[in-house]
Amino acid sequence: MRKVVVCEWMALDGVVQAPGAPDEDTTGGFEHGGWHVLYFDDLSRNWVVENLTGAGGYLLGRRTYESFASYWPKASEEEQVLAQPLNTLPKYVASRTLDRVEWNNSTLLQGDVASEIRKLKDRPGRELQVHGSGGLAQTLIGNDLVDEYRLWSFPVVLGRGKRLFGSGTGPAATFRLVDSRTTSTGVAIHTYARAGDVQHGSVEATEWREKFQHKSGA
């Protein structure tokens with residue numbers, strides 16, 4: 001079974017809208033498009049290459065698909081390290097408005113998206129990555145289809161915009177940290193793998209006090 005991995009660039013307040021360009025997504029009057037650009041360094045670029053080339057395919061929403069399809073087939077020679085996997089690997093597109101997809105090796109998901117992605121997960125192969133595609137990511141989270149998150153946490157607060165996680169986004173779950181890196185510009189890149197259900201408990205104030213006294217030698 002293949003993993004579904006959600007890869008997102010995210011502000012400290014959880015906003016994932018339009019990180020790449022001012023006109024990427026102005027829905028809701030969003031005015032901060034392109035907010036991630038100044039934070040990229042060599043570690044960031046190397047991680048992006050490592051991530052993209054490790055995929056077996058990509059799951060994309062309509063807006064992200066159209067943005068990628070208009071740019072990457074015409075990428076420069078210097079960008080081929082990124083363009084090659086994006087142009088050649090399978091791309092599965094979730095859209096309520098598109099009736100065809102023409103970018104090389106692209107397939108339009110028909111019918112119930114969650115059911116179609118479950119079928120894709122059951123096939124052998126490398127992981128399926130979600131990039132951008134906030135609406136699709138919400139669908140995957142809500143249907144408990146995400147196996148791993150690769151989240152870039154940028155040192156910026158945007159105040160408004162589309163968020164990856166919100167009230168009622170999906171079922172409660174726990175994740176374990178499997179990789180963590182910090183760039184020279186203060187971006188924290190965390191990879192979380194699915195661990196299980198949320199465990200509940202309580203800690204009495206007296207227990208905390210006893211542990212503190214024991215550690216301090218009081």
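Since we're looking at a predicted model, the values are computed, not measured.
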Open item on the list: Are more than 12 heavy atoms, taken from residues, nucleotides or ligands other than Glu77, located less than 6.0 Å from that residue's CD atom?
Closed with: no
Task: Check: Glu148 side chain, Lys3 main-chain N or O, donor-acceptor pair, under 3.5 Å - done: no
TODO: Keeping the roles fixed (side chain from Thr26, backbone from Asp23), state whether a donor-acceptor pair exists under 3.5 Å.
DONE: no
Open item on the list: On a heavy-atom basis, which atom in Asp41 and which in Thr183 lie closest, and how many Å separate them?
Closed with: OD2-CB, 3.3 Å
Test: [X] and [Y] ion pair at under 4.0 Å:
X: Arg2; Y: Asp147; result: no
X: Glu102; Y: Lys91; result: no
X: Arg150; Y: Glu127; result: yes
X: Asp13; Y: Arg160; result: no

Task: Side chains of Tyr71 and Glu79, donor plus acceptor under 3.5 Å - done: yes
Task: Aromatic ring proximity Trp152/Trp47, centre distance under 6.0 Å - done: yes
Task: Among Phe154, Trp35, Trp9, the one residue meeting ring pair (Phe, Tyr, Trp, His ring centres under 6.0 Å) with Phe40 - done: Trp9
Task: Trace of the side-chain contact (heavy atoms from CB on, under 4.5 Å) decision for Tyr92 with Leu60 - done: CA-CA 6 Å; Tyr92 303 97; Leu60 303 174; over 6 Å; no
Task: Gap separating the OG atom of Ser153 from the CD atom of Glu8, nearest 0.5 angstrom - done: 12.5 Å
